[in-house]
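Input: a single structure, listed below in structure tokens.
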Amino acid sequence: MAATTLRVLLIEDSENDAALAIREFSKAGYTIISERVDSRQALISALQRGPWDLAIADYAIPGFSGSAALAVLRQYDTEMPFIFVSGTIGEETAVAAMKAGAHDYIMKGNLTRLVPAVERELREVDVRRSRKHAEARLAHLAYHDPLTDLPNRILLHDRLQQAVLVAQRAQEPLAFLVMDLDGFKAVNDGLGHHLGDHVLQQVAVRLRSVVRDVDTVARLGGDEFALVLPCTDGEQGMHAARKVLHALKQPLVVGGHSVNISGSLGIAWLPEHGSDSDTLLQKADIAMYVAKNTGLGIAVYSPHRDQHAHRELAMLSELRTAIEQDQFLCEYQPIVCLDSLGVVAVEMLARWQHPRHGVLPPGDFIPLAEQSGMIEPLTMLLLDKALTEWSQPGAPPSIQIAVNLSVRNLRDPNLPDRVADVLQLRGVPASALALEITENLMMADPAHCLTCLARLRQIGVTLAVDDFGTGYSSFSYLRHLPVDQLKIDRSFVTGQTTHNDAIVRTMIDLGHKLGLRVIAEGVESAAVLERLRELGCDAAQGTFVAPPRPVRDTRQWLALRMQTYAAGPD
């Protein structure tokens with residue numbers, strides 16, 4: 001085994017005594033690099049040239065005591081093992097030396113204890129240094145983002161507070177910027193979270209490259225960053241924001257992929273927009289929200305935008321909480337076969353039980369979830385909730401449950417696997433689930449939709465084009481979609497006219513020629529139901545058939561219905 005090298009600092013006026021100490025280490029197999037010093041200045045010079053593994057000192061050196069040497073050494077290194085190797089000293093003196101910070105004292109006439117004592121102290125100092133390093137690392141992580149090593153939200157808040165106080169005392173301006181990346185969700189979905197993390201790391205590097213040493217760049221979480229710019233007025237803040245956007249223009253290269261990324265920045269400054277850190281953060285957040293929704297790239301806080309943007313931001317925060325706490329309930333609307341009037345499926349319709357606003361319909365929160373990127377966790381929550389409720393003992397057999405998807409869901413390459421996992425978890429066969437996506441949304445991103453739908457179809461899930469007739473599907477495109485059903489939009493069914501008759505008949509014929517089952521939505525009268533049957537429509541839903549109800553009420557309705565009608569063929 002190779003010899004261990006020790007760097008030993010010998011505080012000793014006797015060359016012979018120093019040589020004896022070195023000989024003990026050599027006998028134990030150590031390679032020694034040493035330096036002997038015998039004065040305060042020589043010790044300081046040696047410490048400055050360091051590093052040293054340990055110090056061995058005589059207690060009594062003419063003109064320079066061992067205790068004085070210990071005091072000097074501790075100014076440079078608080079952990080280095082320090083051992084007195086001296087002649088006879090009294091017990092009180094030895095105790096005082098230990099209290100002063102020495103780790104051991106050894107008599108010059110008995111150096112056999114030297115190496116074991118040193119080895120013990122080296123082990124203990126390693127433990128102490130490892131512990132301190134771990135504690136320092138934990139302290140760092142408490143205030144820094146582990147992915148980018150930027151200050152986190154906690155440290156940002158502290159630095160912003162301090163910057164506000166300094167600016168107010170010096171009567172200087174201060175700008176605060178909040179930035180959210182545009183399209184980052186698509187990057188994460190397309191490349192995976194691992195490469196998405198690399199994108200965030202590169203964004204952090206570029207942000208740091210365009211700011212001054214006195215500025216703070218922080219990561220608030222997700223793809224949101226913030227910049228604190230001391231001594232920066234509004235015009236300079238706008239210039240800094242433009243520099244940030246320019247820095248992001250050059251494509252990022254991650255995992256062999258070239259990624260284009262951009263950002264939306266909101267700006268607020270002291271004193272015009274606020275006099276404390278919380279207010280500036282809120283105002284910049286509102287401005288960023290405006291920049292994102294308007295596509296401007298950069299927006300300065302403006303009071304006239306405050307109320308609307310603040311309300312939407314509050315709703316976003318509440319929606320996030322609603323998903324975490326599951327504040328949603330599911331209602332189910334039956335779909336009947338027009339040949340037999342038997343129930344073949346139920347469509348799940350979500351409601352938000354808002355703690356202040358009461359029960360909200362999907363139109364009040366689904367668009368918000370889509371804009372904010374929260375549609376994925378919301379969809380999986382509702383899908384799991386619906387499958388759980390509908391798979392409880394006593395559920396009617398052979399009835400599908402239909403759940404709506406967003407086009408953002410179809411951009412998630414992991415969606416088919418997630419759907420399969422939920423089906424397996426709840427013990428529901430794939431054939432019992434139908435997934436619906438609106439025609440307009442499907443046409444907005446046909447390439448991604450086609451890939452995801454094909455994988456869902458492989459699982460065995462039924463797929464439906466919802467709100468058919470409101471979009472721009474071509475016959476040739478529909479032929480290649482792996483779907484099973486067309487759902488005619490309610491606008492063509494409710495208050496049916498002769499003109500609508502012709503359109504609905506065309507839609508039904510088109511669907512049948514493509515081998516698809518055709519379902520009409522929005523049936524509100526017996527006359528409309530009968531007319532749809534005459535036109536050859538396969539199935540229908542609407543308030544005339546049954547309004548949406550909670551799962552318990554829907555089951556009771558189904559039980560009564562089944563006593564009258566036998567379920568028709570699929």
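Counting begins at 1 with the first residue of the sequence. As the structure is a prediction and not an experimental result, all values here were calculated from the model.
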Could you check whether [X] pairs with [Y] (Lys NZ or Arg NE/NH1/NH2 to Asp/Glu carboxylate O, under 4.0 Å)?
{"X": "Arg457", "Y": "Asp484", "answer": "yes"}
{"X": "Glu331", "Y": "Arg549", "answer": "no"}
{"X": "Lys292", "Y": "Asp182", "answer": "yes"}
{"X": "Glu224", "Y": "Arg219", "answer": "no"}
{"X": "Arg418", "Y": "Glu376", "answer": "no"}
{"X": "Arg455", "Y": "Asp417", "answer": "yes"}

Under 3.5 Å donor-acceptor, [X] side chain and [Y] backbone:
{"X": "Lys283", "Y": "Ala268", "value": "no"}
{"X": "Gln201", "Y": "Leu147", "value": "yes"}
{"X": "Glu436", "Y": "Leu463", "value": "no"}
{"X": "Asp538", "Y": "Arg517", "value": "no"}
{"X": "Arg561", "Y": "Leu341", "value": "yes"}
{"X": "Arg206", "Y": "Gln250", "value": "yes"}

Closest heavy-atom contact between [X] and [Y]?
{"X": "Ile508", "Y": "Gly536", "value": "CG2-O, 3.7 Å"}
{"X": "Ala350", "Y": "Leu382", "value": "CB-CD1, 3.6 Å"}
{"X": "Gln333", "Y": "Gly542", "value": "NE2-C, 3.4 Å"}
{"X": "Gly222", "Y": "Leu200", "value": "O-CD1, 3.7 Å"}
{"X": "Glu389", "Y": "Cys330", "value": "OE1-CB, 3.7 Å"}
{"X": "Leu415", "Y": "Cys452", "value": "CD2-SG, 3.8 Å"}

Rounded to the nearest 0.5 Å, what separation is found between the [atom1] atom of [X] and the [atom2] atom of [Y]?
{"X": "Leu270", "Y": "Leu160", "atom1": "CG", "atom2": "CG", "answer": "9.0 Å"}
{"X": "Leu535", "Y": "Cys537", "atom1": "CG", "atom2": "SG", "answer": "8.0 Å"}
{"X": "Arg490", "Y": "Glu524", "atom1": "CZ", "atom2": "CD", "answer": "5.5 Å"}
{"X": "Leu558", "Y": "Thr554", "atom1": "CG", "atom2": "OG1", "answer": "6.5 Å"}
{"X": "Leu150", "Y": "Leu156", "atom1": "CG", "atom2": "CG", "answer": "10.5 Å"}
{"X": "Asp466", "Y": "Lys487", "atom1": "CG", "atom2": "NZ", "answer": "5.0 Å"}

How about [X] and [Y]: does a side-chain donor come under 3.5 Å of a side-chain acceptor?
{"X": "Gln485", "Y": "Thr462", "value": "no"}
{"X": "Thr148", "Y": "Asp145", "value": "yes"}
{"X": "Asn409", "Y": "Thr379", "value": "yes"}

Is any side-chain heavy atom of [X] less than 4.5 Å from a side-chain heavy atom of [Y]?
{"X": "Leu229", "Y": "Leu177", "value": "yes"}
{"X": "Asn404", "Y": "Glu347", "value": "yes"}
{"X": "Pro482", "Y": "Leu450", "value": "yes"}
{"X": "Leu207", "Y": "Val244", "value": "yes"}
{"X": "Ile437", "Y": "Leu410", "value": "yes"}
{"X": "Tyr301", "Y": "Asp285", "value": "no"}
{"X": "Trp269", "Y": "Leu174", "value": "no"}
{"X": "Leu195", "Y": "Asp197", "value": "no"}

Task: For His354, all residues meeting ring-ring contact (aromatic ring centres under 6.0 Å, His included), sequence neighbours excluded - done: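 So His354 forms a ring-ring contact (aromatic ring centres under 6.0 Å, His included) with Trp352, His357.
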Task: Partner set under ring-ring contact (aromatic ring centres under 6.0 Å, His included) for His157, not counting sequence neighbours - done: none
TODO: Could you tell me whether Gln424 atom CD has more than 12 heavy atoms of other residues or ligands within 6.0 Å of it?
DONE: no
Open item on the list: Can you tell me if Phe328 has over 12 outside heavy atoms packed within less than 6.0 Å of its CZ?
Closed with: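 Yes - once you tally the heavy atoms of other residues, nucleotides and ligands closer than 6.0 Å, there are more than 12.
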TODO: Assess whether salt bridge (Lys or Arg N to Asp or Glu O under 4.0 Å) is satisfied between Lys385 and Asp326, documenting all intermediate values.
DONE: CA-CA 9 Å; Lys385 193 178 185 72; Asp326 186 9; 3.0 Å; yes
Open item on the list: Under the criterion side-chain contact (heavy atoms from CB on, under 4.5 Å), I'd like the reasoning laid out for Val343 against Trp557: C-alpha separation, chi angles, the key distance, then a yes or no.
Closed with: CA-CA 11 Å; Val343 179; Trp557 181 90; 3.6 Å; yes
Open item on the list: Please evaluate residues Arg351 and Leu360 with respect to the criterion side-chain contact (heavy atoms from CB on, under 4.5 Å), reporting the C-alpha separation (whole Å), side-chain torsions for both, the decisive distance (0.1 Å), and the verdict.
Closed with: CA-CA 6 Å; Arg351 307 284 186 262; Leu360 301 179; over 6 Å; no
- [ ] Determine, step by step, whether Leu227 and Val178 satisfy the side-chain contact (heavy atoms from CB on, under 4.5 Å) criterion, reporting the C-alpha distance in whole Å, the side-chain angles of both residues, the deciding distance to 0.1 Å, and the verdict.
- [x] CA-CA 7 Å; Leu227 295 88; Val178 173; over 6 Å; no
Task: Working for side-chain contact (heavy atoms from CB on, under 4.5 Å), residues Leu220 and Phe225 - done: CA-CA 5 Å; Leu220 297 178; Phe225 297 82; over 6 Å; no
